[in-house]
> 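The following block contains the structure, expressed as structure tokens.
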Amino acid sequence: MPQLDSKLSEVVNQNVNAVGPSGIREFDQEISSIPGTVKLTIGEPDFDVPEHAKQAAIKSIEENKSHYSAQKGIPELRDGISNYLKDRTGVYYDPATEIVVTVGATEAIYSALTTILNPGDKVIVPTPAFALYFPIIQVAGAERITIDTSDDGFVLTPEKLQKVLDENGDSVKAIILNYPSNPTGVEYTEAQLKALADIISQHKMYVLADEIYSELTYGVKHHSIAAMIPGQTILINGLSKSHAMTGYRIGYIVAPKDFVTNASKMHAFVVTAPSNPAQYAAAEALTNGLDDPIPMRASYHKRRDYIADRLEKMGMQIVMPQGAFYIFAKIPDTIDETSVEFATHLAKDAKVGVTPGSAFGPGGEGWIRMSYAASDEDITLAMDRMNSYLLELTK
């Protein structure tokens, strides 16, 4: 096994070198070695890809659609994205100039942020938040400004946003809004988004709207901030959550032409183009499968209600999710442990895997995230084990 030559020990991108591993993935890997653990850690739908989407991928292979696609994505998929967003948001995006198909929403976030950020720029991130945002901002040489929303029902208030903008001025180039939220499941109302949009519109900055869970809401309507300030919005979405296509890795960026012109360059530098079979499957899903998320959403809704009821009966404070498939629960005040300590003991002693809230930034400490994108059987077993564990702790 070769060892790195000592002369090269400092030949490294220092921004990358300073980034730690994903707290979510690192903790998941750590507890995965515990035999018999029921994991509610990763946001991985337990449903299969809709059959008609799979057949579209197979057909593309059989028809030898195996060459490089257009770098922005196949026209059929960009047309599908444009039509879908016109229906959902009311905003028309030109398939030829305002849409880039990416390798998952992850690449979309990376390509979008690295397109706009320079060293010294600042990005606002309301927290708790999806931890992926933090290292991408750091690798770009920018600075993240976190706003703890835990005292405001995990919703960013206009007052807190205005205060941060007043303090930092034009150095703020973007704000990231993820809703429905990972990890809390909180959704923004139209009025809440409008209040934030009114402030953002007064500043020279983008809003990166990560709406990957937009099809998974429970009893509330999803509103996109793109409909309010389209000229400043970079909209990120994809098929991973809505159609259980996580392994297909299809996401997309939509935004005004001038931004997409540069974002498509970054996208091409990183990946050239997405996989053809995955793109044809996604085109089919968005053309003929807009109702595919309905049964999945119904199952998630049922699981949400079940797990929320069980946790509340255990005496745990929760944030009732309005979307996505996570529930954020507060560690009982009687338990004097950090979120990492509590989650570690829960995994080792009760064989239940959850994610420590500290992985999601300020406001997450003292909480745990549980994914209910797991089978009914696993969720029931996890709740039974957790209930027994908490009863034993209180003796």
> Given side chains that start at C-beta, do those of Met296 and Pro45 come closer than 4.5 Å, heavy atoms only?
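Counting from C-beta outward, Met296 and Pro45 never come under 4.5 Å.
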> Given 3.5 Å as the limit, does a donor-acceptor pair link the side chain of Asn387 with the main chain of Leu391, or not?
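Looks like no, no N/O pair under 3.5 Å.
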> We want to know whether Tyr84 and Glu215 form a side-chain donor-acceptor pair, criterion being a heavy-atom distance below 3.5 angstrom.
yes
> Regarding Glu62 and Lys59, does a basic nitrogen lie under 4.0 Å from an acidic carboxylate oxygen?
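Looking at Glu62 and Lys59, the cut-off is not met.
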> If you measure only the distance, is there a donor-acceptor pair under 3.5 Å linking the side chains of Ser6 and Ser9?
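No - no donor-acceptor pair under 3.5 Å links their side chains.
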> Let me know which of Glu107, Arg249, Met266 forms a side-chain contact (heavy atoms from CB on, under 4.5 Å) with Val271.
Glu107
> Heavy-atom count check: over 12 atoms from other residues, nucleotides or ligands less than 6.0 Å from Glu190 CD?
no
> In sequence, state the C-alpha distance, the side-chain angles, and the governing distance for Phe360 and Asn182, and then conclude on side chain to side chain contact (heavy atoms under 4.5 Å, CB included).
CA-CA 9 Å; Phe360 304 100; Asn182 174 9; 4.0 Å; yes
> Could you grab the distance from atom OG of Ser150 to atom NZ of Lys330, nearest 0.5 Å is fine?
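Between atom OG of Ser150 and atom NZ of Lys330 there are 10.0 Å.
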> Going by an N to O cut-off under 4.0 Å, is there a salt bridge joining Asp384 and Arg310?
yes
> Could you tell me whether the side chain of Glu341 and the main chain of Thr338 form a donor-acceptor pair under 3.5 Å?
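Side chain of Glu341 to backbone of Thr338: a pair is present.
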> Measure across Ala285 and Leu239 and return the closest heavy-atom pair with its distance rounded to 0.1 Å.
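Taking every non-hydrogen atom into account, CB-CD1, 4.1 Å.
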> Could you check Thr102 against Ile250 for side chain to side chain contact (heavy atoms under 4.5 Å, CB included), going step by step and ending with a plain yes or no?
CA-CA 6 Å; Thr102 59; Ile250 293 293; over 6 Å; no
> Got more than 12 heavy atoms from elsewhere within 6.0 Å of OH, Tyr92?
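More than 12 within 6.0 Å, yes.
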> As an exercise, state the distance from CG of Leu165 to OG of Ser171, rounded to the nearest 0.5 Å.
9.0 Å
> Taking Lys173 first and then Asp170, would you say they form a salt bridge - that is, a charged N and a carboxylate O separated by under 4.0 Å?
no
> Assess whether atom OH of Tyr218 is packed by more than 12 heavy atoms of other residues, nucleotides or ligands within 6.0 Å.
yes
> Looking at Tyr372 versus Tyr306, is the centre-to-centre ring distance below 6.0 Å?
no
> Backbone N or O of Ala108 within a donor-acceptor pair of the Ser111 side chain at under 3.5 Å?
no
> What distance do Thr127 atom OG1 and Glu365 atom CD have between them, rounded to the nearest 0.5 Å?
12.5 Å
> Using a strict threshold of under 4.0 Å (side-chain N to carboxylate O), is an ion pair present between Glu187 and Lys221?
no
> Output, in order, the C-alpha distance, side-chain angles, deciding distance and verdict of side chain to side chain donor-acceptor pair (under 3.5 Å) for Lys265 and Asn262.
CA-CA 5 Å; Lys265 295 178 195 175; Asn262 279 331; 3.1 Å; yes
> Run Leu235 and Ile253 through side chain to side chain contact (heavy atoms under 4.5 Å, CB included) and show every step you take.
CA-CA 6 Å; Leu235 179 59; Ile253 301 169; over 6 Å; no
> Hey, mind stepping through Tyr179 and His223 against ring pair (Phe, Tyr, Trp, His ring centres under 6.0 Å) and telling me if it holds?
CA-CA 9 Å; Tyr179 59 99; His223 297 277; 9.5 Å; no
> Quick one: closest heavy-atom pair of Ala329 and Ile318, and the distance?
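Closest approach of Ala329 to Ile318: CB-CG2, 4.1 Å.
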> For the residue pair Met314 and Met383, what are the closest heavy atoms and their distance?
CE-O, 3.3 Å
> Applying side chain to side chain donor-acceptor pair (under 3.5 Å) to Asn64 and Ser66, what does each step give before you reach the verdict?
CA-CA 5 Å; Asn64 294 312; Ser66 57; 5.2 Å; no
> Quick check: does any side chain N or O of His243 sit under 3.5 Å from a backbone N or O of Gly289, one acting as donor and the other as acceptor?
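Indeed, once roles are kept as given, a pair shorter than 3.5 Å links the two residues.
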> Should we count CD of Glu10 as having more than 12 external heavy atoms under 6.0 Å?
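No, the 6.0 Å shell around CD holds no more than 12 heavy atoms from other groups.
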> Please report the interatomic distance CD1(Ile236) to CG(Leu177), rounded to the nearest 0.5 Å.
12.5 Å
> Between the side chain of Lys351 and the main-chain N/O of Ile34, is any donor-acceptor distance below 3.5 Å?
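Looks like no, no N/O pair under 3.5 Å.
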> Are Lys65 and Tyr280 in a cation-pi setup, meaning NZ or CZ lies under 6.0 angstrom from the ring centre and within 45 degrees of the ring axis?
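Yes, Lys65 and Tyr280 form such a contact.
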> Return all side-chain donor-acceptor pairs below 3.5 angstrom for residues 128-145, not counting sequence neighbours, or 'none' if the list is empty.
| residue | atom | partner | partner atom | Å |
| --- | --- | --- | --- | --- |
| Tyr133 | OH | Asp210 | OD2 | 2.5 |

> Using a strict 4.0 Å threshold on nitrogen-to-oxygen distance, state whether Asp378 and Arg303 make a salt bridge.
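Looking at Arg303 together with Asp378, the answer is no, because their closest N to O distance does not fall below 4.0 Å.
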> Using modelled atom types only, decide if a donor and an acceptor are shared between the side chain of Ser201 and the backbone of Asp198 within a distance under 3.5 Å.
yes
> Do Ile200 and Gln232 make a side-chain contact, defined as non-hydrogen atoms from C-beta onward lying under 4.5 Å apart?
yes
> Output, in order, the C-alpha distance, side-chain angles, deciding distance and verdict of side chain to side chain donor-acceptor pair (under 3.5 Å) for Asp94 and Ser82.
CA-CA 7 Å; Asp94 180 9; Ser82 178; over 6 Å; no
> Show, in sequence, the C-alpha distance, side-chain angles and deciding distance for Leu208 and Leu113, and conclude whether the side chain to side chain contact (heavy atoms under 4.5 Å, CB included) test is met.
CA-CA 8 Å; Leu208 190 151; Leu113 287 175; 3.9 Å; yes
> So does Pro75 get a backbone contact from the side chain of Gln279, meaning a donor-acceptor N/O pair under 3.5 Å?
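Answer holds: no.
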> Indicate, with yes or no, if the rings of Phe342 and Trp367 have centres closer together than 6.0 Å.
no
> Can you confirm whether more than 12 heavy atoms, excluding those of Asp336, are under 6.0 Å from its CG atom?
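It does not: Asp336 CG has 12 such atoms or fewer within range.
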> Just by distance, with hydrogens left out, do Ser242 and Asp292 show a side-chain donor and acceptor under 3.5 Å apart?
no
> Pro95 and Arg78: which non-hydrogen atoms are nearest, and at how many Å?
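Scanning both residues completely, I find the closest heavy atoms to be O-NH1, 3.0 Å.
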> Verify side chain to side chain donor-acceptor pair (under 3.5 Å) between Glu211 and Ser224, making sure each step is shown before the conclusion.
CA-CA 8 Å; Glu211 302 182 27; Ser224 178; 2.8 Å; yes
> Within the structure provided, determine whether Phe325 and Arg297 are in side-chain contact (heavy-atom separation under 4.5 Å).
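They are not in side-chain contact.
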> Suppose we call two aromatic rings close when their centres sit under 6.0 Å apart. Are Tyr300 and Phe47 close by that rule?
yes
> Are any of the side-chain nitrogens in Glu167 or Lys163 under 4.0 Å away from the carboxylate oxygens of its partner?
yes
> Tell me, do Leu77 and Leu286 make a side-chain contact under 4.5 Å, heavy atoms counted?
yes
> Any side-chain heavy-atom pair from Val270 and Tyr110 closer than 4.5 angstrom?
yes
> Would you check if the side chain of Arg369 reaches a backbone N or O of Thr41 as a donor-acceptor pair within less than 3.5 Å?
yes
> Before you tell me yes or no, could you show the steps for Tyr213 and Tyr326 under ring pair (Phe, Tyr, Trp, His ring centres under 6.0 Å), namely the whole-Å CA-CA distance, both residues' side-chain angles and the distance that decides it to 0.1 Å?
CA-CA 11 Å; Tyr213 297 100; Tyr326 309 103; 5.7 Å; yes
> If you compare all heavy atoms of Gln71 against all heavy atoms of Thr272, which two are closest, and at what distance to 0.1 Å?
CG-O, 3.4 Å
